[in-house]
There are 4 protein chains.
Amino acid sequence: MARPRSEDKRNAILAATTDLVAEQGLGAATAEIAKRAGVPHGSVFTYFGTKSELLNAVYLELKTELINTVSAAMPAGDDTRLQLHHLWVSWTHWGASNPSKRRVLAQLSVSDQITELSRKAAYEGAGSSLALMRRASANGALRDAPLQYVGALVETSVATTTDFMIRDPAQADAFCKFGFEAVWRALS
Amino acid sequence: MARPRSEDKRNAILAATTDLVAEQGLGAATAEIAKRAGVPHGSVFTYFGTKSELLNAVYLELKTELINTVSAAMPAGDDTRLQLHHLWVSWTHWGASNPSKRRVLAQLSVSDQITELSRKAAYEGAGSSLALMRRASANGALRDAPLQYVGALVETSVATTTDFMIRDPAQADAFCKFGFEAVWRALS
Amino acid sequence: MARPRSEDKRNAILAATTDLVAEQGLGAATAEIAKRAGVPHGSVFTYFGTKSELLNAVYLELKTELINTVSAAMPAGDDTRLQLHHLWVSWTHWGASNPSKRRVLAQLSVSDQITELSRKAAYEGAGSSLALMRRASANGALRDAPLQYVGALVETSVATTTDFMIRDPAQADAFCKFGFEAVWRALS
Amino acid sequence: MARPRSEDKRNAILAATTDLVAEQGLGAATAEIAKRAGVPHGSVFTYFGTKSELLNAVYLELKTELINTVSAAMPAGDDTRLQLHHLWVSWTHWGASNPSKRRVLAQLSVSDQITELSRKAAYEGAGSSLALMRRASANGALRDAPLQYVGALVETSVATTTDFMIRDPAQADAFCKFGFEAVWRALS
DNA sequence: GATGAATGAGCTTTCATTCAT
DNA sequence: AATGAATGAAAGCTCATTCAT
C-alpha cells in the first residue's frame with residue numbers, strides 16, 4: 001500500500017553513476033551521484049543499499065545492454081564467419097558510440113567491487129555469443145581451449161580495438177576491420 | 001631538489017607500493033605504504049613528490065623490469081616465430097610468477113593516474129619487442145595496421161592468458177601454448 | 001488518535017525492542033525493531049509516536065513485570081525478614097533468569113530517555129515493596145533516611161548481585177545469600 | 001625529530017569529552033568534542049585513534065583521578081573504621097563536587113564501550129581500597145564473598161549516595177552519614 | 001634531510017520521522 | 001489504519017599533503 005519504488009529514480013541513479021564513474025573513476029562520491037541523478041542522497045541507499053551494490057547493478061545493466069545490442073539483428077543460418085562479423089562489428093561500435101559506458105565497464109571489470117555472482121550472471125547472459133565463438137573456433141588452434149578463455153581473448157580484443165576506434169575516429173572502420181581479420185584468423 | 005640520499009629507501013617505497021596496491025587497489029594510503037616500507041610517512045613525499053608521481057614511478061619500474069625480462073636471452077638470428085615465441089613465453093611467465101606486479105600493472109594501465117609521458121616512455125622502451133611484432137605481422141592481416149595497435153592486441157592477449165595461467169596453474173602451460181598459437185595466427 | 005488495533009502488535013514491538021536494545025544498546029534502530037517484531041516500520045510510530053515513548057513504554061512494562069514477580073507469593077504475616085528475603089530472592093532471580101530484560105532496565109535507568117513521569121509511575125508501583133523496606137529499616141541506621149534512598153540502595157544492591165549471579169552461574173545462590181545478609185545488616 | 005605530540009592537546013580533548021558526554025551522553029559527536037577542545041577534528045583521531053579508544057582513555061583518567069583522591073590523606077594505622085570512613089567520605093564528596101565526571105563515569109561503566117582491559121586496569125589501580133574493604137569485611141557476612149563483589153557493592157552504594165547528595169545538597173552530609181553507617185553494617 | 005603530527009575536506013552510511021499511496 | 005519509500009542532517013573516520021621540529 002505504501003508508495004512503490006520508482007523505476008525512474010532507479011534508472012536516474014544508474015545513469016548518473018555511469019556518467020560520474022566515467023568522469024571521475026570508481027571514487028565518484030555517492031552524494032555527487034545523487035545530485036546528478038536529481039534525487040536525495042539517502043535515496044541512493046534506499047535503492048541500492050551500498051555503493052558496492054550500486055556498482056554491481058551498473059555493471060549488470062551495461063553488460064545486459066551490450067549483450068542485447070550484440071544479439072539484435074544477428075543473421076540467422078549457419079554462416080559462422082558472417083555471424084562472428086556481426087558480433088564483432090556491433091560490439092565494437094557499441095563501445096565506440098558509448099565511450100562512457102565502455103569506459104565504466106572496463107573500470108568495473110578490473111575492479112574488486114564486482115562480485116563473483118555478478119560476473120557469473122554476466123557470463124551466463126553471454127551464452128549465445130560464446131556458443132558462436134565456440135563454433136568459430138571449433139577447428140582452429142583454440143579448439144581444445146576452455147570456452148571461457150576464448151571468450152576472454154575476444155573480449156579484450158574488442159576492448160583494445162574500441163579504444164583505437166575512439167581515439168582515432170577517422171580510422172574507426174579500418175581498426176574494426178583489422179581487428180576482425182586478426183581475431184578470425186586466431187580462432188579459425 | 002637535491003638528489004635523494006638513499007636508493008634503498010626509494011626501492012623500499014616502490015616495493016611497498018606494489019605490494020599494497022596489489023592488495024588494496026590504487027586507494028592504498030600513502031601512510032600505509034610508508035609503514036610497509038619501513039620509512040617515515042614524510043619520506044614518501046621527499047622521494048616522490050606526490051602520490052601520483054609515485055604511481056608513475058611504479059608503473060615505469062614494472063614496465064622496465066618486464067621489458068628486461070622479455071629481452072633477456074632473446075634468440076639471435078632471423079627466426080621470427082622462435083623469437084616471438086620467446087617473447088610470449090617469457091612475458092606470460094613473468095606475469096604468472098609475479099601476480100602482484102602483474103595485477104598492479106593492470107590496474108595502473110587502466111587508471112587515469114598514468115601520464116601520457118609515462119606511457120610514451122614505456123612504449124619507447126618496448127621498441128625491440130614492437131619491431132619483432134612488426135616483423136611477425138609483416139605479411140598478415142595486420143600488415144597495414146599501426147604498430148601500436150598490434151602491440152596493444154598482443155599485450156592484452158598476454159594479460160588475458162596470464163590471468164588464466166594464474167587462476168589455473170595446473171593448466172598454465174596449456175594456456176600459454178593456446179595463446180601463442182592464436183596470436184601467431186592472428187599476426188602471420 | 002483512535003485506540004490502536006492490535007494488542008499483539010504492540011506487544012511484539014515491545015518485545016522486539018527489549019531484544020534489540022539488549023543486543024545493541026539504546027541506539028537500536030526503529031527500522032530494525034520493526035523488522036524483528038514482524039511489523040512495518042511505520043507501525044512503530046502508529047503505536048508509540050516516538051522512539052522515546054517506545055522506550056518509556058518498555059521501561060514501564062519491565063518495571064511492572066518485575067514488581068508483579070516480586071509481589072507474587074509474598075509470605076503473609078509480619079515476619080519482616082522472611083518477607084524481605086522473599087523480595088530479595090525473587091528480584092535477583094528474575095534478573096538472573098531474564099538477563100536481557102535486566103540489561104535493558106539498567107540501560108534505560110541511567111539514560112536520559114526516561115521521563116520523570118515514568119520514573120514516578122514506577123516508583124509508585126513499587127509501593128508495597130518500599131513499605132516492606134521501611135519496616136525492615138525502622139530500627140536501623142537508615143531509620144531516618146528518606147525511603148526513596150533506602151529503596152535506591154536496595155535496588156542497586158540487587159543489580160550488582162544479579163550481575164555476579166549471571167557472570168558466575170555456579171555461584172549464583174552463594175551471591176544471592178551473601179547479598180541478602182549484607183543488605184539485611186545494612187537495614188536492620 | 002618531528003613535532004612531538006602535545007600533552008596539552010591530549011588533555012584538552014579528554015576534558016572536552018568529559019564535558020560533552022556529561023551533557024549529551026555517549027552519543028556526543030567527535031566533531032563537537034574537537035570544537036569544544038579547540039582542536040581540529042582530525043586531531044581527535046591522531047591522539048586517540050577511534051572514539052572508543054577516546055572513551056576508554058577518559059574512563060581510565062577519571063578512575064585514576066578518583067583513586068588518587070581517595071588515597072590521599074588516608075589515615076595511617078590500623079583503625080579500619082576510620083579508614084573506611086575516610087574512603088567513603090572522600091569518594092562521595094569527589095562525586096558530589098564533580099557531578100560531570102561522576103555522571104560520565106557512571107555512563108561509561110554500564111556501556112559496552114569500555115574494554116575488559118580498561119576495566120582490569122581500573123580494578124588493579126584500586127588495590128589498596130579493596131584491601132581496606134577486605135579488612136573491613138573480614139569478620140562480617142561477606143567474609144567469604146569474592147572481594148570483587150564486595151567492592152562492587154560498595155561502589156554502587158557510593159554512586160547511589162552521591163546521586164542523592166547532588167540532588168539534595170542541603171542534606172548531602174546526612175546522606176553521606178546514612179550511607180556510611182549502612183555500608184559499615186553490611187560489611188562488619 | 002628526516003620525521004611524524006597537523007589538518008579539514010571529504011567519504012559512505014545510518015536514522016527517526018513523515019507522508020504518499 | 002497500514003505500509004514502506006522518502007528525506008537530509010548527522011555520524012565516525014580517512015587521507016594526501018604540509019611543515020614544525
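Sequence lines set the chain letters: A, B, ... in the order given, protein chains first and strands last, and positions in each chain run from 1. Computed from a predicted model, the values in this text were never measured in an experiment.
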D:Arg3 CZ to F:dT21 P, straight-line distance once rounded to whole Å: 6 Å

Closest contact, heavy atoms only, C:Leu60 versus C:Ala122: CD2-N, 4.2 Å

A:Arg5 vs D:Thr50, nearer the 5' end of DNA chain F by closest nucleotide: A:Arg5

Nucleotide nearest D:Lys9 (side chain, heavy atoms from C-beta), chosen from E:dA2, E:dC19, E:dA6: E:dA6

A:Pro4 or B:Ser52, whichever maps to the more 5' nucleotide of DNA chain F: A:Pro4

Nearest-Å distance for atom pair CG/C1', residues D:Leu55 and F:dG12: 12 Å

Pairwise distance CD(C:Gln24) to CD1(C:Ile33) - rounded to 0.5 angstrom: 8.5 Å

Residues in contact with DNA chain F, drawn from residues 11-28 of chain A - heavy-atom cutoff 4.0 Å: none

Interface residues of residues 30-49 of chain D with DNA chain E (non-hydrogen, below 4.0 angstrom): D:Pro40, D:Gly42, D:Ser43, D:Thr46, D:Tyr47

Intra- and inter-strand pairs of DNA chain E in dot-bracket (Watson-Crick or G-U wobble, both distances under 3.5 Å; | for another strand): .||||||||||||||||||||

salt_bridge(C:Arg36, C:Glu23) N-O dist < 4.0 Å: yes

B:Thr46 versus B:Ser43, side-chain donor and acceptor atoms under 3.5 Å: no

